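For clarity, every value in this text was computed on a predicted model and none was experimentally measured. Numbers restart at 1 for each chain; the letters A, B, ... are given by sequence-line order, proteins then strands.
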Number of protein chains: 2
Amino acid sequence: MTFKQSTTEKSTCFIHKLLSNREQKIANRELELLNVAEKIMIHEGFSGFTMDKLVADCNYSKGTVYNHFANKEDLFCALSIEGMRFLISLMQRSLNIQGTLREKCLGLFYSQRLHSQIHPTSFLCVLMAKTPAVLERASKARLEHQIILEQETTALVDKLLSTAITSGDINENRKQHEESLCFALWSMSFGSNALLINAAEAKAVSRLDTNNALLFNINALLDGIGWKPLSSECDYQQSWLRIGNEVFSKEVSALQE
Amino acid sequence: MTFKQSTTEKSTCFIHKLLSNREQKIANRELELLNVAEKIMIHEGFSGFTMDKLVADCNYSKGTVYNHFANKEDLFCALSIEGMRFLISLMQRSLNIQGTLREKCLGLFYSQRLHSQIHPTSFLCVLMAKTPAVLERASKARLEHQIILEQETTALVDKLLSTAITSGDINENRKQHEESLCFALWSMSFGSNALLINAAEAKAVSRLDTNNALLFNINALLDGIGWKPLSSECDYQQSWLRIGNEVFSKEVSALQE
DNA sequence: GTCATTTTTGACGGTTCGTCATATTAAGTG
DNA sequence: CACTTAATATGACGAACCGTCAAAAATGAC
């Protein structure tokens with residue numbers, strides 16, 4: 001009896017472990033598939049990517065692949081989700097920098113820029129996932145997941161904003177527009193990076209120039225909402241470099257080559 | 001002799017006329033095809049659009065359609081070009097408003113917003129045409145045309161900026177960054193509208209809210225670059241409405257329904 | 001060892017794309 | 001008007017791609 005109970009206990013425990021193992025295995029395979037997909041995109045471009053190629057390049061059959069992704073666009077969406085995950089991890093790290101709150105805010109922007117530089121394909125997937133072609137076809141679950149991650153990112157910005165308001169770095173009468181502020185920051189970051197990534201390819205603008213352009217845009221906006229210290233009082237170009245050196249040194253040096 | 005000459009003259013003239021007629025005819029047909037394509041997209045979504053459907057819905061054969069567009073993405077690019085043409089026409093009209101230079105600048109932003117509202121599909125095509133999936137496949141000629149139109153739009157912004165600088169509405173020491181300023185405005189406008197068009201569909205945000213969000217973003221940025229009169233000194237919500245009433249009354253009232 | 005359930009497989013049908021040999025039309029010429 | 005030549009239009013066709021599904025294999029319970 002006790003024995004039996006213990007076995008069932010063990011058994012259920014085992015089942016739980018197995019389930020989580022299986023789920024883990026499935027999750028791992030999904031990441032593996034996404035990796036293969038990204039490699040194909042890197043080598044053959046977005047238009048060169050096909051589900052058949054993915055099936056050929058991975059060790060699973062078509063049915064298994066379609067078990068993970070409802071369709072091609074769903075896979076794009078999954079790539080976008082991984083990209084956002086990566087971005088969030090960068091953003092969280094960036095908050096560790098020593099300095100003013102505005103410098104921390106700069107760090108958030110720096111993270112997005114870094115993402116677009118380290119994994120351009122991934123960043124482009126995030127862009128494409130906002131495109132109707134993807135939104136119309138991706139699975140509901142995936143789209144919801146994406147929205148959740150978007151909320152996570154805006155939550156990071158929001159939190160920083162409210163501490164800046166309570167600490168007085170942003171004028172308190174802005175408090176009623178906190179949500180608007182967050183949206184403004186996000187719009188600027190998104191718009192700048194989206195345009196820059198195209199410009200960089202089309203017109204061969206140097207990385208330095210694009211970084212400066214981005215910093216210029218952010219500074220203008222942050223000055224506009226009166227986030228102290230203003231760019232006239234502080235050398236944010238210096239801060240920008242510092243973020244790279246202090247928080248993202250490994251990534252930045254890897255990027256140099 | 002004279003007669004003969006006159007006939008050849010007539011003839012060449014006739015040829016010229018014919019050629020231009022033919023070219024005109026071809027150009028018209030292209031617009032016709034683009035119209036049909038847009039209708040299909042409106043009714044069946046972007047993912048529901050296929051070249052076969054286009055061929056079925058127009059009075060021309062597949063070969064003729066492919067005579068106009070190198071491939072599907074090239075057609076998207078063509079739609080984007082038409083969209084930008086329309087946007088430019090709106091922007092030019094918007095400059096006619098009476099008021100400060102900053103209000104004229106608001107007009108430029110208003111134009112883009114209006115475009116995204118009147119012809120959402122067209123606006124989305126402009127977005128999609130910045131996507132690698134399209135950029136990789138569209139024909140060279142079309143892509144170049146697109147770049148030219150982009151330059152035209154930025155030229156409008158640039159011109160306004162430099163008059164604002166010379167007139168003193170923007171501090172003169174900003175002059176060295178004129179290009180950066182233009183890029184900042186463009187980034188903000190693009191980012192805001194791109195995010196808003198998704199938000200509006202996903203989260204059912206009202207048009208009023210989205211308009212306010214956009215205006216908030218612009219004001220923050222323009223304040224940041226010190227474009228006088230600042231938003232604290234002037235009711236730009238009023239200006240925004242005025243632009244709609246004075247310059248785009250027809251479009252706005254058509255949009256009310 | 002057997003059965004039920006889940007997962008995997010890849011052959012297959014249906015779409016979609018884009019091409020190309022052929023047919024048609026138009027322009028030029030005598 | 002007849003004839004040649006050049007330009008344009010046609011739609012049948014092959015190739016590629018997508019996504020499904022019945023059958024096979026694997027897994028786990030008893």
Whole angstrom is fine here: how far is it from CE in B:Met51 over to C1' in D:dC17? 16 Å
Mind calculating the distance between NZ (B:Lys25) and C1' (D:dA7) to the nearest angstrom? 12 Å
Under a 4.0 Å N-O cut-off, is there an ion pair linking A:Asp57 with A:Lys39? no
Taking only the side-chain nitrogens and oxygens of B:Arg137, find out if one of them lies under 4.0 Å from OP1 or OP2 of C:dG18. yes
If you look only at pairs with a residue in residues 28-66 of chain B, which of them pass as a ring-ring contact (aromatic ring centres under 6.0 Å, His included), with sequence neighbours excluded? none
Short N-O contact, B:Glu30 and B:Lys25, less than 4.0 angstrom: no
Which of these nucleotides, D:dA9, D:dT20, C:dT19, is closest to any side-chain atom of B:Lys62? C:dT19
Candidates D:dT10, C:dT8, C:dC17 - which lies nearest the side chain of B:Tyr60: D:dT10
Looking only at the side chains, is there a donor atom on one of B:Ser47 and A:Glu136 sitting less than 3.5 Å from an acceptor on the other? yes
Could you give the CG-to-P distance, from B:Leu54 to D:dG11, as a whole number of Å? 15 Å
Quick check on contacts: within residues 63-73 of chain B, what sits under 4.0 Å from DNA chain D by heavy-atom distance? B:Gly63, B:Thr64, B:Asn67
Once you round it to whole Å, what is the distance between C1' of D:dA16 and CG of A:Asp52? 8 Å
Identify the residue among A:Met188, A:Arg113, A:Gln117 that makes a side chain to side chain contact (heavy atoms under 4.5 Å, CB included) with A:Asn193. A:Arg113
Selection residues 119-134 of chain A - residue pairs positive for salt bridge (charged side-chain N to carboxylate O under 4.0 Å, His left out), sequence neighbours left out: A:Lys130-A:Glu150
Rounded to the nearest angstrom, tell me the gap between atom CG in A:Asn28 and atom C1' in C:dT7. 17 Å
Please list all pairs passing the ring-ring contact (aromatic ring centres under 6.0 Å, His included) test where one or both residues lie in residues 122-153 of chain A, with sequence neighbours left out. A:His115-A:Phe123
Which residues pass the ring pair (Phe, Tyr, Trp, His ring centres under 6.0 Å) test with B:His119, not counting sequence neighbours? B:Phe86
Tell me whether the OP1 or OP2 atom of D:dT8 has a side-chain N or O from B:Arg29 closer than 4.0 Å. no
What residues from residues 40-50 of chain B pass a heavy-atom cutoff of under 4.0 Å to DNA chain D? none
Using 4.0 Å as the upper bound for N to carboxylate O, is an ion pair formed by A:Glu152 and A:Arg85? no
